[in-house]
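Report on the following structure.
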Amino acid sequence: MSTATAARGTMPLAGHVREARRRAVRAAVSLIVGVAIGFALTDQILDILRAPVEELALSRDASLNFDTVTGAFDLELRIALFAGVIVSSPVWLRELFAYLAPGLTRREKKYVYGFSAAAAPLFVAGCVFGFTIFPRMVSVLAGFSSDQDSTILNASYYVDFVMKIVLATGIAFVLPALLVMLNCLGILSAHRLRSSWRLSVVGIALFSALVTPAADVLSMFLVALPMATLFGAAVVITEIHDRRAARRILTSPKPELTSCSA
């Protein structure tokens, strides 16, 4: 059954199932290949993650430790899976969107394409930002202990900490694109967004607390700060969009739908 047939809404249930299975197989194969690539790169990834601990070891006794016999192997598998999901994301995201796209209207596709075009680089920028700040976070947080103390880090906990920081900052950077898309769809007005800033700040603080494993103030602050800044940017963009839309309505002889053409 062709995509065009699905777009016309004439695809039977069996056709949807076959289409979903075909795209799921492609996504699964890409994920397996991504995990294999990630497994091959685990030593290099661990070297990067271990660098802040080695720097810390120059001034005190510090090291990564495994508390079980299978700890090292489990950690390598986890890193490989994490890397595989990221490496294969262009393929499985494309398959997911290709499956859902025939059911969307032209206007919805336009917004989804716009959101994807903005969200992808923002997510990458957020992950890079998280990857950039985590050595500093490790250094500062470990620095609260005395030089006479030893910093013995559980390797599994440490890697989870880094992964969550990287993912959290990636998601945080996508937040403004999501808010702007909701504004373009007419679901969220700039006025409502602006008037709910207190609740948004509380939500950002709660999100930061949930995604930072240690729930320490510094980690929460480093995650919450870019989220709050980007939230402010989203407020400004939606405000500009709503004002332009209001001007178009006032100057137009006929009422028109609010769009995100601005």
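Residue indices begin at 1 and follow the sequence shown.
- Minimum interatomic distance between A177 and L122 (heavy atoms only, all atoms of both residues): CB-CD1, 3.9 Å.
- Residues S156 and L75 come closest through the heavy atom pair CA-CD1, 4.1 Å.
- Transitive grouping of hydrophobic side chains (ILVMFWY, heavy atoms separated by less than 4.5 Å) keeps L56 and L153 in distinct clusters.
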Just do the side-chain contact (heavy atoms from CB on, under 4.5 Å) check on L188 and L193 with the steps written out, would you? CA-CA 7 Å; L188 183 66; L193 190 61; 3.7 Å; yes

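- By the 4.5 Å heavy-atom criterion applied to side chains, R78 and D160 are counted as neighbours.
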Could you go through residues 79-96 and list every donor-acceptor pair under 3.5 Å that involves a side-chain atom there, pairing it with any protein atom two or more places apart or in another chain?
unit_1: S88; atom_1: OG; unit_2: G84; atom_2: O; d: 2.6
unit_1: S88; atom_1: OG; unit_2: W92; atom_2: NE1; d: 3.4
unit_1: S89; atom_1: OG; unit_2: I86; atom_2: O; d: 2.6
unit_1: W92; atom_1: NE1; unit_2: V85; atom_2: O; d: 3.1
unit_1: E95; atom_1: OE1; unit_2: R23; atom_2: NH1; d: 2.8

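- Rounding to the nearest 0.5 Å places CG of N154 at 8.5 Å from OG1 of T68.
- F173 and G126 get closest at one heavy-atom pair: CG-CA, 3.5 Å.
- With rounding to the nearest 0.5 Å, the separation of CG in L178 from CG in L182 is 4.5 Å.
- Taking hydrophobic clusters as Ile, Leu, Val, Met, Phe, Trp and Tyr residues chained together by side-chain heavy-atom distances below 4.5 Å, Y157 does not share a cluster with F73.
- Under a hydrophobic-cluster definition in which Ile, Leu, Val, Met, Phe, Trp and Tyr are linked whenever side-chain heavy atoms come within less than 4.5 Å, directly or via other members, V128 and V174 are assigned to different clusters.
- Residues D242 and A190 come closest through the heavy atom pair OD2-N, 2.8 Å.
- Tracing side-chain contacts under 4.5 Å through hydrophobic residues (I, L, V, M, F, W, Y), one never reaches F39 starting from V159; they form parts of separate clusters.
- In this structure, S196 contributes its side chain and L199 its backbone to no donor-acceptor pair below 3.5 Å.
- One distance of note links CG of N183 with CE of M181; it measures 11.0 Å at 0.5 Å rounding.
- Annotation: E54, atom CD; neighbour count of heavy atoms from other residues, nucleotides and ligands within 6.0 Å is above 12.
- The two residues F161 and V138 have their closest heavy-atom pair at CE2-CG2, 4.2 Å.
- For T238 and R194, the side-chain atoms include no donor-acceptor pair closer than 3.5 Å.
- With values rounded to the nearest 0.5 angstrom, L46 atom CG is found 11.0 Å from L41 atom CG.
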side-chain contact (heavy atoms from CB on, under 4.5 Å) for D47 and R50? Distances and angles first, verdict last. CA-CA 5 Å; D47 287 342; R50 195 183 291 117; 3.0 Å; yes

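- To the nearest 0.5 Å, atom CD1 of residue I37 and atom OG1 of residue T42 are 13.0 Å apart.
- Both F66 and L49 are assigned to one and the same hydrophobic cluster, defined by single-linkage of ILVMFWY side chains at heavy-atom distances under 4.5 Å.
- Here the side chains of Y158 and L64 are in contact, with some heavy-atom distance below 4.5 Å.
- Contact check for I152 versus N65: side-chain heavy atoms found under the 4.5 Å cut-off.
- Rounding to the nearest 0.5 Å places CD1 of I48 at 11.5 Å from CG of D43.
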side-chain contact (heavy atoms from CB on, under 4.5 Å) evaluation trace for I165 with F131: CA-CA 8 Å; I165 290 295; F131 212 74; over 6 Å; no

